[in-house]
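What follows is one structure encoded as structure tokens, with my remarks underneath.
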Amino acid sequence: MRTAALIGAILLIMFALFQDNPDQLATDAPMFDIREIDVVGDLQYADRADLQKSYNKLLGRGLFEEPMEALRYFGAQPEWVESAKIRRVWPHTLRIEVREHRPVALWGGGKVITADGKIISPRNTPDLPLTRLSGPVDTEAAVLDQFTLISQMLSTTSLRVASLQLEDRGAWNISFSNGVSVKLGRDEVLERLQRFVAVYKSDLSGRIDRIVSVDARYPHGVAVNWKPEE
């Protein structure tokens, strides 16, 4: 009885040590191999089966073989994963709690800009009413910042941005969900947009179906390109 109790106490101590500081007790013994990977988290965009397949590459490896930081890095590699919390569950399970990226806009052809400004290239772009942003290489952050400022300016209006484009020469073009496109040029972009909004509210909102495009690059007004009257 005393021997059994002593063995039980030793096992409990080992279990506690593995939970508190597993990296210091690494072992290659088969009794500590990874046989199950449990993926948890509220997933809206990532495919759970694809995540499971990606993480299953760790199956058969030692539960305490890799440092925790290396496991966290591995866990954050799938395209939709912003971060991953890793927990070793003795003796054979690795639990990965996934936190997803939050998409805020589409970029170029099939890419997604996340809330933290990262560009990801998912195999399947979410079917969401996201604004499409575009621009030259390495301008993602600048376009996203401009989109944020424009969205704040338009927050008290009914106008919603469908697309925002930065041309190679530095000019900005914006299209709204109601079909109106506006040329804003390179300089004083927000001031020109504000001027367009004032004209839109006072004179254009009731005639949207007749407008082809608007040029807001003029210093004291805007030029409207009308559809020909039938």
Side-chain angles (χ1 to χ4, degrees), residues 41-51 54 73 75-84 97-201 204-205 208 211-217 222 225:
D42 182 16
L43 303 180
Q44 299 182 53
Y45 312 109
D47 184 277
R48 193 176 295 272
D50 286 346
L51 280 180
S54 177
Y73 178 80
Q77 291 312 294
E79 55 199 16
W80 275 111
V81 178
E82 178 184 3
S83 62
E97 183 179 350
V98 171
R99 179 178 177 180
E100 286 185 311
H101 285 294
R102 183 167 60 88
V104 296
L106 303 178
W107 178 265
K111 296 182 180 180
V112 173
I113 299 182
T114 68
D116 58 355
K118 184 177 180 180
I119 305 293
I120 62 175
S121 303
R123 283 174 292 176
N124 298 312
T125 305
D127 185 16
L128 297 172
L130 298 175
T131 300
R132 185 170 295 277
L133 308 180
S134 60
V137 177
D138 296 329
T139 62
E140 296 90 347
V143 176
L144 183 59
D145 287 344
Q146 187 75 290
F147 169 61
T148 301
L149 293 174
I150 289 174
S151 297
Q152 292 172 353
M153 177 180 292
L154 298 174
S155 61
T156 59
T157 75
S158 60
L159 293 167
R160 294 296 176 264
V161 181
S163 67
L164 178 65
Q165 176 196 28
L166 174 61
E167 297 180 356
D168 291 340
R169 59 190 181 87
W172 294 88
N173 301 309
I174 188 170
S175 294
F176 296 101
S177 57
N178 61 10
V180 176
S181 297
V182 182
K183 294 180 179 180
L184 296 171
R186 294 187 298 178
D187 305 315
E188 300 178 340
V189 173
L190 296 180
E191 290 83 353
R192 291 173 177 177
L193 178 59
Q194 195 168 29
R195 188 159 56 244
F196 160 75
V197 171
V199 175
Y200 171 83
K201 287 181 176 180
L204 300 180
S205 59
I208 293 300
I211 297 174
V212 176
S213 62
V214 176
D215 191 338
R217 295 174 292 179
V222 301
N225 182 14

field: Electrostatic pair Asp116:Lys118 at N-O distance under 4.0 angstrom
entry: no
- prompt: What distance separates Thr131 OG1 from Ile150 CD1, expressed to the nearest 0.5 Å?
  reply: 10.0 Å
query: In Å and rounded to the nearest 0.5 Å, what is the CD to CG distance from Gln165 to Leu133?
result: 11.0 Å
field: Heavy-atom donor-acceptor pair, Arg132 side chain to Trp107 backbone, under 3.5 Å
entry: no
task: Might you point out which heavy atoms bring Arg192 and Leu184 nearest each other, and give the distance in Å?
output: NH1-O, 2.8 Å
query: Between Arg160 and Thr157, what is the shortest heavy-atom contact and its length?
result: NH1-O, 3.0 Å
- prompt: With a 4.5 Å heavy-atom cut-off, do Glu79 and Asp50 have their side chains touching?
  reply: no
field: Side-chain heavy atoms of Leu190 within contact of Gln194, under 4.5 Å
entry: no
- request: May I ask you to test the Leu159-Asn178 pair for a side-chain heavy-atom distance under 4.5 Å?
  value: yes
- prompt: Considering all heavy atoms of both residues, which atom of Ala76 and which atom of Ser83 are nearest to each other, and what is their separation?
  reply: CB-CA, 4.4 Å
- prompt: More than 12 foreign heavy atoms under 6.0 Å from CZ of Arg102: is that the case here?
  reply: no
statement: Smallest heavy-atom separation, Ser181 atom then Ser175 atom, equals OG-OG, 3.0 Å
Side chain proximity check, Leu166 to Gln146, heavy atoms < 4.5 angstrom: no
field: CG on Asp42 to CD on Glu97, rounded to 0.5 Å
entry: 10.5 Å
statement: So CZ of Phe176 and CZ of Phe196: to nearest 0.5 Å the spacing works out to 5.0 Å
query: With sequence neighbours left out, which residue pairs that include part of residues 129-175 fulfil the ring pair (Phe, Tyr, Trp, His ring centres under 6.0 Å) condition?
result: none
Val112 side chain near Leu106 side chain, heavy-atom distance below 4.5 Å: yes
task: Write down the atom of Val81, the atom of His101, and the distance for their closest heavy-atom approach.
output: O-NE2, 3.3 Å
task: Answer yes or no: is there a side-chain heavy-atom contact under 4.5 Å between Asn225 and Ile211?
output: no
task: Would you check if Leu149 and Val189 make a side-chain contact, meaning some heavy-atom pair closer than 4.5 Å?
output: no
- request: Verify, without hydrogens or angle tests, whether Glu140 (side chain) and Ile113 (backbone) share a donor-acceptor contact under 3.5 angstrom.
  value: no
- prompt: Residues two or more places apart in sequence or in another chain: which of them pass salt bridge (charged side-chain N to carboxylate O under 4.0 Å, His left out) with Arg195?
  reply: none
Exercise: identify the closest heavy-atom pair between Gly117 and Leu144: CA-CD2, 3.9 Å
- request: Mind checking ring pair (Phe, Tyr, Trp, His ring centres under 6.0 Å) for Tyr45 and listing every partner two or more places apart, or none if nothing turns up?
  value: Trp80
task: Answer yes or no: is there a donor N or O on one side and an acceptor on the other, between the side chain of Ser54 and the main chain of Leu51, under 3.5 Å?
output: no
task: Would you indicate whether the side-chain heavy atoms of Val182 and Leu193 approach each other to under 4.5 Å?
output: no
